[in-house]
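All remarks here apply to the structure that follows.
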Amino acid sequence: VELRSEYSQRISRMEKLYRQHPASAQIIEEYADLDEEYLQSGIPDSSERGERLAHCRSMLEKLLNYIGWQETGSRGLSSSVNGKEKPLKKKTQTETMRLLKRLGNICLQQGDTRAAEAAGQRLLAMDPSGEDGYMMILRAKAAAQDDRGVKKIISNVQKSGIYLSPAARE
């Protein structure tokens, strides 16, 4: 009960910060971090878990949309919460990939295998020789019980000579 209360207070404080600075990439990422931490704690019940998953997904999608904004030069999120906010510098491919992995995992937890597969496809497009895209697609296909899709991804990995780390093979 005490831990639940602590998380509730932290989430309330973060919500207040977010309402004050809705265009702050830093606040949005911190909010997504808090959502993931809370979800991993095992404290939320099923309805609250669904709400936190949806909220975390929304925050991660906002961050990814911002990265897309930076590539087109439109107006988007800012880098700080002080009165002198300025646009963030262009995010790196590594940062985009990190956010896509997080988004894909949240989508899988929500049971949205299509969105998780789409995140995997984006990862694969960014790094065709890396394992992350293949593994996200494989996990999405397995969750969707798409045996043919699973076999196809495994075949592609083998044909491409992609090395799967021991953690990915589990």
Side-chain angles (χ1 to χ4, degrees), residues 6-44 46-141 143-144 165 167-168:
E6 179 186 326
Y7 273 114
S8 180
Q9 290 172 3
R10 289 175 61 197
I11 289 169
S12 292
R13 283 191 302 268
M14 189 57 70
E15 180 61 30
K16 183 178 177 181
L17 267 176
Y18 175 66
R19 275 187 267 128
Q20 292 171 346
H21 307 283
S24 170
Q26 177 185 347
I27 297 295
I28 291 170
E29 184 150 18
E30 287 175 12
Y31 210 164
D33 292 345
L34 178 58
D35 282 337
E36 286 178 304
E37 178 186 326
Y38 184 51
L39 288 163
Q40 290 172 1
S41 75
I43 294 171
S46 61
S47 65
E48 186 181 20
R49 182 171 178 74
E51 290 172 19
R52 296 289 12 130
L53 283 167
H55 186 268
C56 185
R57 180 177 176 171
S58 171
M59 296 292 107
L60 293 170
E61 287 171 343
K62 283 181 185 197
L63 288 168
L64 285 164
N65 284 337
Y66 174 64
I67 292 169
W69 161 80
Q70 286 191 332
E71 291 170 359
T72 63
S74 304
R75 188 166 181 220
L77 300 175
S78 59
S79 63
S80 66
V81 294
N82 64 24
K84 298 180 181 178
E85 295 183 338
K86 59 183 179 183
L88 289 172
K89 293 180 182 175
K90 188 171 182 179
K91 296 282 186 178
T92 64
Q93 179 173 332
T94 302
E95 177 68 7
T96 303
M97 291 178 69
R98 184 181 69 80
L99 291 171
L100 283 169
K101 285 188 276 187
R102 290 174 66 185
L103 178 62
N105 287 328
I106 292 295
C107 290
L108 284 173
Q109 290 179 56
Q110 286 183 304
D112 190 345
T113 57
R114 287 180 189 243
E117 184 177 349
Q121 292 291 350
R122 286 182 64 191
L123 284 165
L124 194 55
M126 294 177 79
D127 185 12
S129 62
E131 73 178 319
D132 293 329
Y134 288 106
M135 291 309 302
M136 184 62 65
I137 296 167
L138 185 62
R139 289 174 57 212
K141 295 284 189 190
S165 66

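By the salt bridge (Lys or Arg N to Asp or Glu O under 4.0 Å) test, Asp33 pairs with Arg102, sequence neighbours left out. With sequence neighbours left out, the salt bridge (Lys or Arg N to Asp or Glu O under 4.0 Å) criterion links Glu61 to Arg57. Taking Arg122 as the reference, nothing meets the salt bridge (Lys or Arg N to Asp or Glu O under 4.0 Å) condition, with sequence neighbours excluded. Lys101 meets the salt bridge (Lys or Arg N to Asp or Glu O under 4.0 Å) test with Asp132; sequence neighbours excluded.
To the nearest 0.5 Å, atom CD1 of residue Ile11 and atom CD of residue Glu6 are 10.5 Å apart. Put simply, CD on Glu117 and CZ on Arg114 are 8.5 Å apart, with the number rounded to the nearest 0.5 Å. Annotation: the span from Ile106 atom CD1 to Asp112 atom CG amounts to 12.0 Å, rounded to 0.5 Å. For the atom pair CG (Asp127) and OG1 (Thr94), the distance works out to 9.0 Å, reported to the nearest 0.5 Å. Going from atom CG of Leu64 over to atom CE of Met59 covers 12.5 Å, rounded to the nearest 0.5 Å. In this structure, NE2 on His55 lies 12.0 Å from CD on Glu36, to the nearest 0.5 angstrom.
Here the side chain of Gln93 pairs a donor or acceptor atom with the backbone of Met126 at under 3.5 angstrom. At distances below 3.5 Å, not a single donor-acceptor pair connects side-chain atoms of Gln109 with backbone N or O atoms of Leu53. Counting only distance, with no hydrogens or angles, the side chain of Ser58 and the backbone of Ala54 share no donor-acceptor pair below 3.5 Å.
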Check: residues 13-20 side-chain donor-acceptor pairs under 3.5 Å, at least two apart:
{"from": "Glu15", "atom 1": "OE1", "to": "Tyr31", "atom 2": "OH", "distance (Å)": "2.5"}
{"from": "Tyr18", "atom 1": "OH", "to": "Lys62", "atom 2": "NZ", "distance (Å)": "2.1"}

Report all side-chain donor-acceptor pairs from residues 37-44 shorter than 3.5 Å, counting only partners two or more places apart or in another chain.
{"from": "Glu37", "atom 1": "OE1", "to": "Arg10", "atom 2": "NH2", "distance (Å)": "3.2"}
{"from": "Glu37", "atom 1": "OE2", "to": "Tyr7", "atom 2": "OH", "distance (Å)": "3.0"}
{"from": "Glu37", "atom 1": "OE2", "to": "Arg10", "atom 2": "NH1", "distance (Å)": "2.8"}
{"from": "Glu37", "atom 1": "OE2", "to": "Arg10", "atom 2": "NH2", "distance (Å)": "3.4"}
{"from": "Tyr38", "atom 1": "OH", "to": "Glu48", "atom 2": "OE1", "distance (Å)": "3.0"}
{"from": "Tyr38", "atom 1": "OH", "to": "Glu48", "atom 2": "OE2", "distance (Å)": "2.8"}
{"from": "Ser41", "atom 1": "OG", "to": "Tyr38", "atom 2": "O", "distance (Å)": "2.5"}
{"from": "Ser41", "atom 1": "OG", "to": "Ile43", "atom 2": "N", "distance (Å)": "3.2"}

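A salt bridge links Arg98 to Glu95: at least one charged side-chain nitrogen sits closer than 4.0 Å to a carboxylate oxygen.
Between Met135 and Leu123 there is no side-chain heavy-atom pair separated by less than 4.5 Å.
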